[in-house]
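Heads up, the thing below is written out as structure tokens.
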Amino acid sequence: MKIATFNINNVNNRLPNLLQWLEVEKPDIVSLQELKTEDGSFPVKALADAGYGAVWSGERSWNGVAILARGAEPVVTRRGLPGDDADTQSRYIEAAVKGFLVTSIYLPNGNPQPGPKFTYKLKWLERLILHAGDLLASGAPLVLAGDYNVVPTEQDIYVSKSNSYAKNALVQPESRAAFRKLLDLGFTDALRKIHPSGPLWTFWDYKRRLWPIDKGLRLDHFLLSPAVAKTLVDAGVDRWVRGEESASDHAPAWIELQTGKSRKSTKRRSPK
DNA sequence: ATGTCGGCAAAATGCCGA
């Protein structure tokens, strides 16, 4: 069972990139962020033709989240993060799919920092901590996937002398503390579980032309509830996607979970 | 300090968000 999260940065402009990646990597479940399209313009037919059912929450021009499932239709369990009825931005969708409760999270960027956008980000993180706690208490098998817009630790950002990210909302101690608090509820950071140290970039800034020199950040994360974490067998980043023509500034991150089905296939190894 | 991109309103340029 391969589950991926991908900030597509405009699902219609980058539909060819998305379809090519789905065709090559064939993830079973996909969490998408930054659709940048209204509900009516979501490419539901193109995705169905590619073999994927979808649920989504769109928004004009900005934000927007979706969950895709290969050969299945996700069942929406929640749209929008609870805790603020005045928050109308499409940044959260949650669905039951293939035996998991999966999210697509597009956490607020929070820049410029300090300012109202950073305040909104921190409040959003607090709301997420509360809701994630409720989800854990429910006992559901959780895969909290998305673009968290948080660089969890210093090893999750490239080393630079100028330190041009010093004031950025993505690396602030408050952002990191909230992410830590989320993990401390009992979640496993899947990518770091598999790759405990070293670069694991999922984002390379257009601005500083950081892709060609491979200076990136780790912003896209999977938080797994304990029972799901026990089934984690592999994780990685589909870096090749970032090098394509008209690429998003993010690459897809993915996890592989051992299910009954895949256990059988791994047992079918040839003898030594 | 800047960079790149794209969307948007409202004019083909500048502002804003990431």
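FYI, side chains are in, hydrogens and waters are out, and symmetry mates aren't considered; it's all heavy atoms of this structure. All chains are named by letter (A, B, ...) in the order of the sequence lines, taking the proteins before the strands, and each is independently numbered beginning at 1.
Base orientation of dA11(B): anti (glycosidic angle beyond 90° from 0).
When the P atom is compared between dA10(B) and dC5(B), the two are found 27 Å apart, to the nearest whole Å. dA1(B) sits 27 Å from dG6(B) when the P atoms are compared, rounded to a whole Å. Remark: the separation of the C1' atoms in dG7(B) and dT2(B) is 22 Å, to the nearest Å. Straight-line distance between the P atoms of dG14(B) and dG3(B): roughly 14 Å, to the nearest whole Å.
Here Arg209(A) lies in heavy-atom contact (under 4.0 Å) with sugar-phosphate atoms only. Tyr106(A) comes within contact range of the sugar-phosphate backbone alone, with a heavy-atom separation under 4.0 Å but no base atom that close. Nucleic acid contact class of Asn10(A) (heavy atoms, under 4.0 Å, all strands): sugar-phosphate only.
As rounded to whole Å, 11 Å separates atom P of dG7(B) from atom OH of Tyr206(A). Rounded to an integer number of Å, the gap from CG of Asn149(A) to P of dG17(B) is 15 Å. Look at CD on Glu34(A): it is 8 Å from P on dA18(B), rounded to the nearest Å. With rounding to whole Å, Arg91(A) atom CZ is found 10 Å from dG17(B) atom C1'. If you take CG of Leu35(A) and C1' of dA18(B), they are 15 Å apart, rounded to a whole angstrom. The distance between atom CG of Asn111(A) and atom P of dC16(B), rounded to the nearest whole Å, is 15 Å. In this structure, Lys207(A) places its NZ atom 8 Å from C1' of dT4(B), rounding to the nearest Å. The distance between atom CG of Asn13(A) and atom P of dC5(B), rounded to the nearest whole Å, is 14 Å.
Not a single salt bridge (charged side-chain N to carboxylate O under 4.0 Å, His left out) links Arg60(A) to another residue, sequence neighbours left out. Scored by the salt bridge (charged side-chain N to carboxylate O under 4.0 Å, His left out) test, Glu94(A) finds no partners at all (sequence neighbours excluded). By the ring-ring contact (aromatic ring centres under 6.0 Å, His included) test, Phe118(A) pairs with no residue at all, sequence neighbours left out.
OP1 or OP2 of dG17(B) sits under 4.0 Å from a side-chain N or O of Lys117(A).
Positionally, the nearest nucleotide of DNA chain B for Asn9(A) lies more toward the 5' end than for the other of Asn9(A) and Pro112(A). For the pair Asp147(A) and Arg208(A), both in contact range of DNA chain B, the more 5′-proximal nearest nucleotide belongs to Arg208(A).
Counting heavy atoms from C-beta outward, His250(A) and Gln33(A) have side chains that stay 4.5 Å or more apart.
In the hydrophobic clustering, Val44(A) connects to Phe6(A), Ile8(A), Val11(A), Leu15(A), Leu18(A), Leu19(A), Trp21(A), Leu22(A), Val24(A), Val30(A), Leu32(A), Leu35(A), Phe42(A), Leu47(A), Tyr52(A), Trp56(A), Leu68(A), Trp240(A), Val241(A), either directly or through intervening members, whenever side-chain heavy atoms lie under 4.5 Å apart.
Here salt bridge (charged side-chain N to carboxylate O under 4.0 Å, His left out) pairs that include residues 105-132 of chain A, with residues two or more places apart or in two chains, are Asp87(A)-Arg127(A).
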Could I get a table of every N or O pair under 3.5 Å where one atom is in the protein and the other is in nucleotides 9-15 of chain B?
unit_1	atom_1	unit_2	atom_2	d
dA9(B)	OP1	Arg60(A)	NH2	3.3
dA9(B)	OP2	Arg60(A)	NH2	3.3

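Counting only distance, with no hydrogens or angles, the side chain of Arg14(A) and the backbone of Ser246(A) share a donor-acceptor pair below 3.5 Å. In this structure, Asp147(A) contributes its side chain and Tyr106(A) its backbone to no donor-acceptor pair below 3.5 Å.
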